[in-house]
Asker: 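Before I ask anything, here is the structure I am working with.
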Amino acid sequence: MYKTIFTLFAFCFAPLSFAQSCENNANALVARYTVETHNARGDQQKLLELWRNERVVAYRYPQTQITEAWEQVNTSLIKPTRYFDAHARAIEYQPGEKVHGKSETNWSFRNQLFSDELIATMTETSRTGSGCNTLITFEREDNGTRITLIWQPALKLATSFKAESAHQSVHWTLTNTEFDKQQIEQFFAARYAYQSTDFADIGDDHTDPFLTRMVHQGFIEKGASGYYNSDGDALQGGHQH
């Protein structure tokens with residue numbers, strides 16, 4: 001009888017524990033992508049890393065040694081920070097402050113790379129797996145561009161994204177996912193230790209060679225769009241995936 005009761009107890013609480021495990025993994029992970037672009041100018045392959053630690057998310061661009069990070073202060077405020085890893089320097093913005101003319105308000109876009117709003121406009125075409133391993137394929141046709149997204153809802157993570165038109169194709173491929181909490185915390189802690197400058201103070205400081213160089217190179221530029229490609233370069237008129 002005791003064995004039967006124990007079995008029923010385990011059965012009743014197993015789904016909850018399983019769901020919590022999925023959620024915990026989604027909140028703290030590092031996902032690495034290759035981004036392949038094919039067009040008339042040739043073929044390119046870049047790397048992009050997505051780091052999550054609860055209410056903080058970061059995109060690391062290995063090519064330029066730049067990390068873009070965002071902290072969810074509350075449901076309506078997001079605090080951006082840009083880390084220059086090669087120089088151990090950071091530029092901080094205040095929550096709600098406009099970065100390159102735009103305030104950060106869409107947490108799902110930053111946290112997931114592909115926003116809830118975008119996914120809501122797409123059509124589900126297939127579903128495989130179950131539980132944490134469920135994969136959903138979404139598709140959409142947009143001004144001659146066919147978009148295909150393979151989505152892992154339990155982790156709020158894309159495993160594949162394709163945008164194909166007559167002139168260009170872009171393919172994101174998830175190559176690796178890790179859930180090592182210590183590694184993730186060390187990643188963010190290393191950047192929190194950088195020498196930091198508030199964006200509002202940059203215009204007043206004409207003596208810092210690093211800030212002067214970054215402004216001249218366009219990495220600190222009020223006229224840029226605020227969106228960055230897989231190389232970490234500012235995109236004019238950038239779009240939200």
Side-chain angles (χ1 to χ4, degrees), residues 15-31 33 48-61 66-83 90-122 124 131-132 134 136 138 140 147 149 151-159 161 172 174 177-179 181 184-192 194 196-201 220 222 224-229 232 234-235 237-241:
L16 177 60
S17 177
F18 188 69
Q20 288 175 335
S21 176
C22 293
E23 182 178 350
N24 290 340
N25 284 341
N27 290 336
L29 60 77
V30 52
Y33 292 88
L48 171 65
E49 297 176 0
L50 168 66
W51 293 77
R52 289 185 196 152
N53 192 23
E54 304 299 337
R55 292 183 175 273
V56 183
V57 64
Y59 305 165
R60 178 175 175 267
Y61 306 98
I66 289 174
T67 299
E68 291 280 329
W70 299 269
E71 178 183 357
Q72 187 182 33
V73 179
N74 56 41
T75 55
S76 59
L77 288 177
I78 298 174
K79 182 184 187 304
T81 305
R82 191 167 214 220
Y83 298 101
I91 305 298
E92 288 192 75
Y93 300 83
Q94 295 305 308
E97 182 179 2
K98 288 187 176 181
V99 182
H100 310 304
K102 180 184 181 301
S103 296
E104 293 287 346
T105 59
N106 193 331
W107 178 248
S108 72
F109 167 52
R110 290 307 186 188
N111 190 50
Q112 302 170 182
L113 293 167
F114 303 92
S115 69
D116 291 336
E117 291 79 4
L118 171 65
I119 295 173
T121 68
M122 305 182 76
E124 179 179 335
C132 290
T134 298
I136 305 174
F138 293 99
R140 172 183 166 184
I147 301 173
L149 173 67
W151 186 248
Q152 191 170 1
L155 296 179
K156 299 180 180 179
L157 200 64
T159 62
F161 170 78
W172 296 45
L174 178 65
T177 309
E178 297 179 25
F179 306 95
K181 184 71 171 177
I184 294 165
E185 289 180 348
Q186 288 175 347
F187 172 87
F188 284 100
R191 283 153 183 80
Y192 295 156
Y194 289 178
S196 178
T197 303
D198 192 287
F199 178 72
D201 297 332
I220 305 173
K222 290 186 178 181
S225 67
Y227 294 96
Y228 301 89
N229 61 20
L235 297 175
H239 62 281
Q240 293 190 9
H241 295 293

Asker: Please report the C-alpha distance between Asn53 and Phe187 in whole Å, then the side-chain angles of each, then the deciding distance to 0.1 Å, and finally whether the side-chain contact (heavy atoms from CB on, under 4.5 Å) criterion is met.
Answerer: CA-CA 10 Å; Asn53 192 23; Phe187 172 87; over 6 Å; no
Asker: Roughly how far, to the nearest 0.5 Å, is the CD1 atom of Ile184 from the CZ atom of Arg52?
Answerer: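 Interatomic distance, Arg52 CZ to Ile184 CD1, rounded to 0.5 Å: 10.0 Å.
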Asker: Working to the nearest 0.5 Å, report the span between NZ of Lys181 and CG of Leu29.
Answerer: 10.0 Å
Asker: Find the distance between CZ (Phe138) and CD1 (Ile147) and round it off to the nearest 0.5 Å.
Answerer: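 It comes to 13.0 Å.
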Asker: Are the side chains of Phe109 and Leu118 in contact, using a 4.5 Å heavy-atom criterion?
Answerer: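 A side-chain contact under 4.5 Å is absent here.
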Asker: Looking only at atom types and distance, does a side-chain atom of Tyr59 sit under 3.5 Å from a main-chain N or O of Arg110, one as donor and one as acceptor?
Answerer: yes
Asker: If we count only N and O atoms by modelled type, under 3.5 Å, do the side chains of Asn106 and Ser108 hold a donor and an acceptor together?
Answerer: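 Judged by distance alone, the side chains do pair up.
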Asker: For Phe199 and Glu97, work out which heavy atoms get closest and say how close.
Answerer: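 Here Phe199 and Glu97 meet closest at CD2-OE2, 3.5 Å.
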Asker: Of the non-hydrogen atoms in Gly131 and Ala154, which two are nearest, and what is the gap between them?
Answerer: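 Looks like O-CB, 4.3 Å.
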Asker: Mind checking whether Ile136 and Ile119 have side chains closer than 4.5 Å, heavy atoms only?
Answerer: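 Contact flag for Ile136/Ile119 side chains = no.
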Asker: Has the side chain of Ser103 got a donor or acceptor atom that lies under 3.5 Å from a matching backbone atom of Gly96?
Answerer: yes
Asker: Quick check for you: to the nearest 0.5 Å, what is the distance between Glu92 atom CD and Lys79 atom NZ?
Answerer: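 Atom-to-atom, Glu92:CD and Lys79:NZ are 3.5 Å apart.
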Asker: With a cut-off of 6.0 Å (strictly less than), are more than 12 heavy atoms of other residues, nucleotides or ligands near CZ of Arg140?
Answerer: yes
Asker: So which atom in Trp70 and which in Ile78 form the shortest heavy-atom distance, rounded to 0.1 Å?
Answerer: CB-CG2, 3.7 Å
Asker: May I ask you to test the Glu49-Tyr61 pair for a side-chain heavy-atom distance under 4.5 Å?
Answerer: no
Asker: Using the six-membered ring wherever Trp is involved, compare the ring planes of Phe161 and Trp172 and label them parallel, tilted or perpendicular (cut-offs 30° and 60°).
Answerer: perpendicular
Asker: Apply side-chain contact (heavy atoms from CB on, under 4.5 Å) to the pair Leu113 and Tyr33, showing each step before the final yes or no.
Answerer: CA-CA 11 Å; Leu113 293 167; Tyr33 292 88; 3.7 Å; yes
Asker: Indicate yes or no: at least one non-hydrogen side-chain atom of Gln72 is less than 4.5 angstrom from one of Val57.
Answerer: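 No, side chains not in contact.
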Asker: Shortest non-hydrogen contact from Phe188 to Ala58?
Answerer: CE2-CB, 3.8 Å
Asker: Are any non-hydrogen side-chain atoms of Tyr192 and Val56 less than 4.5 angstrom apart?
Answerer: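 In short, these two side chains touch, coming nearer than 4.5 Å.
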Asker: Can you tell me how far CZ of Arg60 sits from OH of Tyr83, rounded to the nearest 0.5 angstrom?
Answerer: 14.5 Å
Asker: So which atom in Val30 and which in Trp51 form the shortest heavy-atom distance, rounded to 0.1 Å?
Answerer: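 Closest approach of Val30 to Trp51, heavy atoms only: CG2-CE2, 3.4 Å.
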Asker: Which atom names give the shortest non-hydrogen contact between Leu155 and Cys22, and what distance separates them?
Answerer: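 The pair with the smallest heavy-atom distance is CD2-O, 4.0 Å.
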Asker: How long is the gap from CG on Leu50 to CD on Gln112, to the nearest 0.5 Å?
Answerer: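 CD of Gln112 is found 9.5 Å from CG of Leu50.
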